[in-house]
Amino acid sequence: LKMSRVLIVGAGLTGSLCACLLRRELPNKVNIVVWDKSRGAGGRMSTSRSPNDPSCTVDLGAQYISATPYYARIHSSFYEELLAQDILKPLVAPVEGMMLKEEEIVNYVTPHGVSSIVKHYLKESAGAEVLYDRHVTHIHRKDTGWEVCRKGGTPERFDIVVLTMPVPQILQLQGDVESWMGENQRRMLEAVSYSSRYALGLFYKAVTRIDVPWAAKYVSNNPCIRFIAIDDKKRNLASKNCGPSVVVHTSVPFGIQHLEEEKDAVQPIILEELKKVMPDLPQPDSIKCQKWRYSQVTRSVADFPGQMTLHSQPLLVCGGDGFTHSNFDGCIESALKVFEVLKSSL
């Protein structure tokens, strides 16, 4: 029996969970390859390390996971698995200004950083070939499969391709993708929109103290800053041998206003505003600035289908939060829908 070679583009939550589901449910039918254009796993569930102390980390993207009663029920197996492995823990630290829309929402943090969820699913897809610095540019139809080209590398052949990157990046792909995409599908994808923002990670030396009564807080009266977290405190981690870390998220209007500028030009503006919000904040040991061009989906594909099949034989299917909604459960939902399509074609 010939094994199908499946390429998953994007090592974020949707892509890594797809790989895990394929490995668990169809171990003898597929060879799984995962490509991501960045240097490591996580996508927008990204955890950064201090250049001076790898044990000091900060979550630059997703901050915590909120489970509504509905999703806690229908995705209970996913929550239970991550809780059993100590990858998720209930959020107990105080968050100022959090909107408590629903009384029954349960919030979780990730003691080892939010990318640990993605790394868990990649580990569970044991045998999958996971490669970084792989930026897909073209996809061409080749005989009964796909030829996938990437920046600075030789094209490779796959039987099935799954695209889980942000929707605008799917629309930028060259090759045959455009011709396989129906007019209606293209319109639906072009209607998807994202918010943009900057994130700043501040790393501190081990002896530093940051004395504030909260672990995280939403800022409502600053044109630039929307959210601040003392990341180790948020994750209930404070340790003597490792310095604290702070993450700062800008507001969306600020992010959009400065979107096309260089990070080096924007970082000092954010730091200047941070001084106004936290005048007593000590000098950081190092700083990481991240531009999230595609931060959160503000308008997803109509009717939340979870996936979109651009071509059925050979299979080319898209998934990700652009087809559901931007959070943990949205990505899980999309991965399950993509997996259904893969299962029926294998």
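Every value quoted in this text rests on a predicted model; they were computed, and no experiment measured them.
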Derivation of the side-chain hydrogen bond (donor to acceptor under 3.5 Å, both in side chains) call for Ser295 and Arg197: CA-CA 6 Å; Ser295 170; Arg197 67 176 81 234; 3.1 Å; yes
query: Aromatic ring centroids of Tyr108 and Phe328 under 6.0 Å?
result: no
task: Please answer: with hydrophobic residues joined when any side-chain heavy atoms are less than 4.5 Å apart, are Val130 and Val161 in the same cluster?
output: no
message: For Asp86 and Lys89: C-alpha separation, side-chain torsions, deciding distance, then whether side chain to side chain contact (heavy atoms under 4.5 Å, CB included) applies.
response: CA-CA 6 Å; Asp86 284 337; Lys89 286 240 196 292; 2.9 Å; yes
- prompt: Linking I/L/V/M/F/W/Y whenever their side-chain heavy atoms sit closer than 4.5 Å, directly or via other members, would Leu171 and Met308 fall into one cluster?
  reply: yes
Check: Cys242 main-chain N/O paired with Ser55 side-chain donor or acceptor under 3.5 Å: no
task: Considering only NZ, NE, NH1 and NH2 on the basic side and carboxylate oxygens on the acidic side, decide whether Asp143 and Arg141 come within less than 4.0 Å.
output: no
task: Evaluate the side-chain proximity of Arg226 to Thr250: yes if any heavy-atom separation is below 4.5 Å, no if none is.
output: no
message: Between Asn327 and Ile65, is there a side-chain heavy-atom distance shorter than 4.5 Å?
response: no
message: Angle between ring planes, His249 versus Phe227, binned at 30° and 60°: parallel, tilted or perpendicular?
response: tilted
task: Would you check if there is a donor-acceptor pair between the side chains of Glu333 and Tyr71 at a distance under 3.5 Å?
output: yes
message: Membership question, hydrophobic clusters at under 4.5 Å side-chain separation (ILVMFWY): are Leu88 and Val106 in the same one?
response: yes
task: Find out if a path of hydrophobic residues (ILVMFWY) with successive side-chain heavy-atom gaps under 4.5 Å connects Ile170 to Leu13.
output: no
message: Checking the side chain of Lys217 only, and the main-chain atoms of Ala229 only, is there a donor and an acceptor separated by less than 3.5 Å?
response: no
message: Once rounded to the nearest 0.5 Å, what's the spacing between atom CD of Gln307 and atom NZ of Lys337?
response: 8.5 Å
query: Within a strict 4.5 Å, meaning less than it, do heavy atoms of the Tyr204 and Leu281 side chains meet?
result: yes
- request: Using a strict 4.0 Å threshold on nitrogen-to-oxygen distance, state whether Arg187 and Glu190 make a salt bridge.
  value: no
message: Any heavy-atom pair between the side chains of Phe78 and Leu83 that's under 4.5 Å?
response: no
- prompt: In Å, rounded to the nearest 0.5 Å, how long is the span from CD1 of Ile32 to CZ of Arg23?
  reply: 4.0 Å
- prompt: Roughly how far, to the nearest 0.5 Å, is CD1 of Ile139 from CG of Asp176?
  reply: 9.5 Å
query: Where is the tightest heavy-atom contact between Tyr132 and Ala11, given as atom of each residue plus distance?
result: CE2-CB, 4.2 Å
- prompt: Atom CG in Leu342, atom SG in Cys18: separation rounded to 0.5 Å?
  reply: 6.5 Å
message: Set out, in order, the CA-CA distance, both residues' side-chain angles and the distance that settles side chain to side chain contact (heavy atoms under 4.5 Å, CB included) for Val301 and Thr324, then state yes or no.
response: CA-CA 7 Å; Val301 169; Thr324 49; over 6 Å; no
- line: Minimal heavy-atom distance between Glu81 and Glu124, with the atoms involved, is OE2-CG, 4.4 Å
message: Ring of Trp35, cation from Arg150 - is the NZ or CZ under 6.0 Å from the centre and inside 45° of the axis?
response: yes
field: Pair Thr14-Thr164, side-chain donor/acceptor within less than 3.5 Å
entry: no
field: Lys123 side chain to Val118 backbone, donor-acceptor under 3.5 Å
entry: no
task: Find the distance between SG (Cys331) and CZ (Phe323) and round it off to the nearest 0.5 Å.
output: 12.0 Å
message: For a quick test of reading the model, state the closest non-hydrogen atom pair linking Leu60 to Ser48 and the distance between them.
response: CD1-OG, 3.5 Å
query: Looking at side-chain heavy atoms only, is the closest gap between Asp53 and Phe203 below 4.5 Å?
result: no
field: Taking every non-hydrogen atom, the tightest pair across Pro284 and Leu202
entry: CB-CB, 4.1 Å
- request: Walk me through it: do Asp321 and Arg44 pass the test salt bridge (charged side-chain N to carboxylate O under 4.0 Å, His left out)?
  value: CA-CA 11 Å; Asp321 58 354; Arg44 282 164 287 163; 2.9 Å; yes
message: With no hydrogens and no angle check, just 3.5 Å: does a side-chain donor-acceptor pair link Ser193 and Thr298?
response: yes
Side-chain donor or acceptor of Ser251 paired with backbone N/O of Pro223 under 3.5 Å: yes
- prompt: Stepwise, does the side chain to side chain contact (heavy atoms under 4.5 Å, CB included) test hold for Ile228 with Val277?
  reply: CA-CA 10 Å; Ile228 305 171; Val277 182; 3.8 Å; yes
message: Between Leu17 and Leu336, is there a side-chain heavy-atom distance shorter than 4.5 Å?
response: no
message: Assess the residue pair Gln267 and Leu200 against the criterion (side chain to side chain contact (heavy atoms under 4.5 Å, CB included)); give the C-alpha distance rounded to whole Å, side-chain angles, the decisive distance to 0.1 Å, and a yes or no.
response: CA-CA 8 Å; Gln267 180 174 312; Leu200 222 51; 3.9 Å; yes
message: Do Asp329 and Tyr79 pair up side chain to side chain, a donor and an acceptor below 3.5 Å, judged on atom types alone?
response: yes
message: Once you measure the plane-to-plane angle for His311 and Trp146, does it fall in the parallel (<30°), tilted (30-60°) or perpendicular (>60°) bin?
response: perpendicular
- prompt: Going through the checks in order, is the side-chain hydrogen bond (donor to acceptor under 3.5 Å, both in side chains) test met by Arg235 and Ser245?
  reply: CA-CA 11 Å; Arg235 297 191 242 154; Ser245 62; 4.8 Å; no
- line: Taking every heavy atom of Gly320 against every heavy atom of Ser334, the minimum-distance pair comes out as N-OG, 2.7 Å
Any donor-acceptor pair under 3.5 Å from Ser326 side chain to Gly322 backbone: no
field: Any donor-acceptor pair under 3.5 Å from Lys263 side chain to Cys289 backbone
entry: yes
message: So that I can tick it off, tell me whether Arg5 and Glu156 are bridged by a salt bridge, with the cut-off set at under 4.0 angstrom between side-chain N and carboxylate O.
response: yes
- request: Please confirm whether the backbone N or O of Asn52 pairs with a side-chain atom of Ser50, one donor and one acceptor, at under 3.5 Å?
  value: yes
query: Hey, what's the ring geometry for Phe254 with His258, parallel, tilted or perpendicular (30° and 60° as the breaks)?
result: tilted
- line: Nearest heavy-atom approach of Leu91 to Lys234 is CD1-O, 3.7 Å
query: Does Ser46 reach the side chain of Asp59, with side-chain heavy atoms less than 4.5 Å apart?
result: no
- request: Taking atom types as modelled, find out whether Ser195 and Arg293 have a side-chain donor-acceptor pair closer than 3.5 angstrom.
  value: no
message: Just so I know, are the side chains of Gln63 and Asp231 near enough to count as touching, which here means a heavy-atom distance under 4.5 Å?
response: yes
field: Residue Lys37 excluded, over 12 heavy atoms near NZ under 6.0 Å
entry: no
field: Side-chain (Lys142) to main-chain (Arg157) donor-acceptor, under 3.5 angstrom
entry: no
task: Find out if a path of hydrophobic residues (ILVMFWY) with successive side-chain heavy-atom gaps under 4.5 Å connects Trp292 to Tyr294.
output: no
query: Do Asp36 and Ser38 pass the side-chain hydrogen bond (donor to acceptor under 3.5 Å, both in side chains) test, and can you show the C-alpha distance, the side-chain angles, and the key distance before you say yes or no?
result: CA-CA 6 Å; Asp36 195 283; Ser38 62; 2.7 Å; yes
- line: The reported gap from CG in Leu22 to CD1 in Ile8 (rounded to nearest 0.5 angstrom) is 5.5 Å
